[in-house]
Amino acid sequence: IAEYGDPFLSTLYPNPNAGTFTLAFVASESQSMEVIITDVSGRILWERDLGNVFGENREVISVTDLATGVYFLKLQGENGRSVIRFTIQR
């Protein structure tokens with residue numbers, strides 16, 4: 001679930017997952033964006049620069065090397081950010 005006031009209407013599914021999931025979001029105006037995955041202590045474990053995006057977007061993300069547990073996906077753009085908590089289960 002994304003944090004309150006999510007500027008990108010972002011969703012992550014399935015959640016929980018086995019390390020592969022889809023991130024769907026909407027960028028209402030063209031902007032540079034990146035995705036960052038952290039553990040619960042805030043340590044960055046994975047990141048991807050999405051470049052300049054606009055409109056409805058879907059990114060398939062595979063982090064199958066991460067252990068079972070709880071993580072946070074941060075979708076950061078020039079006009080804000082959203083944070084989604086997700087769980088990897090095997």
Side-chain angles (χ1 to χ4, degrees):
I1 298 174
E3 69 182 15
Y4 178 76
D6 178 2
F8 306 116
L9 307 173
S10 54
T11 57
L12 182 154
Y13 59 90
N15 188 14
N17 60 68
T20 301
F21 55 87
T22 299
L23 170 66
F25 64 95
V26 178
S28 60
E29 53 188 70
S30 182
Q31 60 187 296
S32 178
M33 298 186 77
E34 68 177 335
V35 176
I36 300 168
I37 295 175
T38 66
D39 60 16
V40 293
S41 68
R43 186 171 50 119
I44 295 174
L45 304 173
W46 185 91
E47 56 189 318
R48 177 188 293 169
D49 182 357
L50 301 179
N52 218 21
V53 297
F54 175 72
E56 294 184 16
N57 297 272
R58 282 185 172 48
E59 292 287 327
V60 175
I61 296 173
S62 180
V63 287
T64 55
D65 56 327
L66 295 181
T68 296
V70 175
Y71 298 91
F72 293 93
L73 180 143
K74 297 178 182 177
L75 179 60
Q76 180 76 44
E78 295 168 19
N79 298 326
R81 75 173 186 158
S82 64
V83 179
I84 303 172
R85 180 179 179 255
F86 71 98
T87 303
I88 293 179
Q89 288 181 339
R90 294 195 178 85

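Values below: all heavy atoms of this structure, side chains included; hydrogens, waters and symmetry mates excluded.
Summarising the geometry of Ser82 relative to Phe8, their closest heavy-atom pair is OG-CD1, 4.1 Å, with the distance given to 0.1 Å. Here the shortest heavy-atom pairing between Arg81 and Pro7 reads O-CD, 3.4 Å. Across every non-hydrogen atom of Val53 and Phe25, the tightest pair is CG2-CE1, 4.0 Å. Nearest heavy-atom pair, Phe86 versus Ile37, reported as atom, atom and distance to 0.1 Å: CZ-CG2, 4.0 Å.
Checking Ser30 against Asn52 by side-chain atom types alone, a donor-acceptor pair falls below 3.5 Å.
Of the residues listed (Thr20, Asn17, Thr22, Leu73), the one engaging Ile61 in a side chain to side chain contact (heavy atoms under 4.5 Å, CB included) is Leu73, and it is the only one. The side chain to side chain contact (heavy atoms under 4.5 Å, CB included) test with Leu75 singles out one residue from Leu50, Ile84, Asp6, and that residue is Leu50.
A salt bridge links Arg48 with Glu59: at least one charged nitrogen is closer than 4.0 Å to a carboxylate oxygen.
Between the Asn57 side chain and the Gly55 main chain, a donor and an acceptor come within less than 3.5 Å of each other. The main-chain N or O of Ala18 is found under 3.5 Å from a side-chain atom of Arg90 such that the two form a donor-acceptor pair. A side-chain donor-acceptor contact under 3.5 Å links Glu78 to the backbone of Ser32. In terms of modelled atom types and a separation under 3.5 Å, the side chain of Asn15 and the main chain of Leu12 share no donor-acceptor contact.
Follow the hydrophobic side-chain contacts under 4.5 Å out from Phe54 and you never reach Val35; the two are in separate clusters. Ile36 and Leu45 fall into different hydrophobic clusters, where Ile, Leu, Val, Met, Phe, Trp and Tyr are joined by side-chain heavy atoms under 4.5 Å apart, directly or via other members.
Side-chain contact between Thr38 and Arg43: absent, with no pair of heavy atoms (C-beta onward) separated by less than 4.5 Å.
Between Tyr13 and Phe21, the distance separating the two ring centers is not shorter than 6.0 angstrom.
Distance CG/Asp49 to CD/Gln76: 12.0 Å, rounded to 0.5 Å. With values rounded to the nearest 0.5 angstrom, Gln31 atom CD is found 6.0 Å from Glu29 atom CD.
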